[in-house]
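The structure appears right after this line, and notes come after that.
Both counts, for ligands and for their atoms, begin at 1 and track the order of listing. The residues of the chain are indexed from 1 along the displayed sequence.
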Amino acid sequence: MADSSPQASTDPGTTATSSPEQEQFDRIIEQDSRIEPRDWMPDAYRKALTRQISQHAHSEIIGMQPEGNWISRAPSLKRKAILIAKVQDEAGHGLYLYSAAETLGTPRSVLNDQLLTGKAKYSSIFNYPARSWADVGAIGWLVDGAAIQNQVPLCRCSYGPYGRAMVRVCKEESFHQRQGWEILHSLANGTPAQKQMAQDAVNRFYGPALQMFGPPDGDSPNSQQSMQWKIKRFSNDELRQRFVDMIVPQAEALGLTLPDPDLRWNEERGHYDYGDLDWDEFKAVLSGNGPCNAQRMAHRIRAHEEGAWVREAAAAHARKQADVETKESTLLRHA
Ligand SMILES: [Fe+2]
Ligand SMILES: [Fe+2]
C-alpha cells in the first residue's frame, strides 16, 4: 500500500505543562523505544495512528480490486497462481492492520463503516483502472515498489503493533514488486506489441505511483508532527526521491522509459531530478473524481453485503462455543 498520512492537528499534549504520563511518553519516543497498547498516550497520537493505520488497511482491501480483476484472465496457470497469492497477501495485510488499529480502541466494525460510508480515505492509486495484463506488472513494480519505500521505515514506527505488522507486510511486498518487474521484463522482451503494452502501462502508472508518497513537503503540514512522534521517519519528498533513484536503473534494465522529460541525474545532488507532478489530478482523484472511485466503492459495499451470512454464522458459532464453555465450567465446579 500506500501513503496514508495522518490528518491530525498538532498535539497540544506535547507542548502543554507535562503530566508524569506525558513525560513517560516523551521519554519512550525520545529513546526510540515503543509505545504499546496499554501505555498512556496523548489523544492526538491515538487519533492520528488510528486514522493512519485504518487508512492503510482500507488501501490494502480496496487495492485487491484492480488486480483481482485479472485473475480470470492471467495468461498462464503459473501467472494465475502467482496473482492469486499476491491478492490474498493484500487481504492479509488488511487484516493485520485492522487488528493493529483495533488495539488503539476503535472496533473494526466502526473502521469498516467509515470506509463504506466514504468517511475514510484510501490510497488514490487504486482509483485507476488496470486496463491490460501489463498493468498488473506495472502495479507490482511501481505501486508495490512505492509501498515498500513507504513501509520499510514504518517497521520502526513508535507504535509497537503497527511496526511489528509492517515487518511481515514488507517481506510480502518485496515479492509483489519482484513479480511485477518480472511480468514487465517478459513483455519488454517479447513482441513489439507486448513491449508497447508494457511501455503504455508504465506511462500511465508512473505519475500516480510517485503521488503515493503524498503531497510535497511544503503542502503536508501534518507530516512534521508525525515525524516528531516517530510514526513517520522520512518526509514525503525524501521518500519520493528514494523511489525515483531506485526505479530509474530498474527501468533501464527493463529497456523501458519513464514518462518524464525532466528526469536526469544531478551530479551535484547525487540524485535524479524529476519533473512536477499533476497535483490537481491527485486532489480530484482523492476527493472522489478518479476514473474508478464509484466502481471501487460499489464493489466493496456489495462484497460486504454478500458476506453478511458469514459474519452472522461466525457470531452464532462463537455464541455456541461460549455457551458450551460456560456449561462445562459449571459441571466442573459441581463435580
Ligand atoms: Fe500490501
Ligand atoms: Fe502488495
Side-chain angles (χ1 to χ4, degrees), residues 1-5 49 51-71 74 79-101 108 111-112 115 120-130 133-157 161-185 201-202 205-206 208-214 231-232 239 242-243 246-247 250 292 296 299-300 303:
M1 130 55 251
D3 179 70
S4 31
S5 313
L49 266 170
R51 190 186 315 240
Q52 174 163 344
I53 302 173
S54 61
Q55 282 181 0
H56 192 163
H58 301 330
S59 301
E60 301 283 358
I61 296 299
I62 297 285
M64 290 193 284
Q65 291 188 36
E67 291 163 292
N69 190 32
W70 278 92
I71 290 174
R79 295 285 187 205
K80 190 194 285 266
I82 294 170
L83 187 57
I84 290 172
K86 197 245 180 197
V87 174
Q88 280 180 336
D89 282 352
E90 306 301 6
H93 299 173
L95 299 186
Y96 308 147
L97 289 164
Y98 282 126
S99 301
R108 182 168 157 189
L111 302 172
N112 191 53
L115 172 66
K121 298 253 183 286
Y122 56 86
S123 181
S124 63
I125 190 81
F126 301 117
N127 292 313
Y128 290 89
W133 172 251
D135 286 19
V136 175
I139 291 171
W141 177 45
L142 295 172
V143 176
D144 291 90
I148 295 170
Q149 207 67 249
N150 251 330
Q151 291 168 13
V152 166
L154 287 175
C155 296
R156 294 192 294 123
C157 165
Y162 193 27
R164 287 189 289 274
M166 278 302 110
V167 175
R168 177 164 173 180
V169 168
C170 284
K171 286 185 181 153
E172 292 175 350
E173 294 301 354
S174 114
F175 152 67
H176 299 169
Q177 193 197 19
R178 288 289 292 264
Q179 65 88 38
W181 194 87
E182 208 264 330
I183 289 173
L184 291 179
H185 187 262
V202 169
F205 278 94
Y206 172 79
L210 258 63
Q211 291 177 327
M212 285 172 64
F213 299 96
I231 295 172
K232 207 175 157 97
L239 291 168
R242 284 171 172 224
F243 180 63
M246 180 185 78
I247 60 170
Q250 292 181 353
C292 296
R296 299 289 182 243
H299 184 88
R300 183 71 219 120

query: Does a donor on one side chain and an acceptor on the other come within less than 3.5 Å for Glu182 and His185?
result: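 No - no donor-acceptor pair under 3.5 Å links their side chains.
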task: Establish, from distance only, whether the side-chain atoms of Glu60 and His56 form a donor-acceptor pair under 3.5 Å.
output: yes
task: Please determine if the Fe ion (ligand 1) has an N/O/S atom from His93 lying under 2.8 Å away.
output: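 Of the N, O and S atoms in His93, at least one lies under 2.8 Å from the Fe ion (ligand 1), which means yes.
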- request: Give a yes or no on whether Asp89 keeps an N, O or S atom under 2.8 Å from the Fe ion (ligand 1).
  value: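 Coordinating: no.
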task: Would you please name every residue forming a side chain to side chain donor-acceptor pair (under 3.5 Å) with Gln88, sequence neighbours left out?
output: none
task: With sequence neighbours excluded, tell me which residues meet side chain to side chain donor-acceptor pair (under 3.5 Å) with Gln179.
output: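 Per chain and number, Gln179 pairs via side chain to side chain donor-acceptor pair (under 3.5 Å) with no residue.
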- prompt: Taking Trp70 for the side chain and Val136 for the main chain, is one N or O donor matched with an acceptor at less than 3.5 Å?
  reply: no
- prompt: Which of the N/O/S atoms in Glu60 sits closest to the Fe ion (ligand 1)?
  reply: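 For Glu60, the N/O/S atom sitting closest to the Fe ion (ligand 1) is OE1.
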field: With the Fe ion (ligand 1) as the apex, the OE1/OE2 angle for Glu90 and Glu173 - to 10°
entry: 130°
- request: Taking the Fe ion (ligand 2) as the reference point, name the nearest N/O/S atom of Asp144.
  value: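 Per the distance ranking, Asp144 contributes OD2 as its closest N/O/S atom to the Fe ion (ligand 2).
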- request: Kindly give the atom name of the N, O or S atom of His176 closest to the Fe ion (ligand 2).
  value: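 Restricting His176 to its N, O and S atoms, the minimum distance to the Fe ion (ligand 2) goes to ND1.
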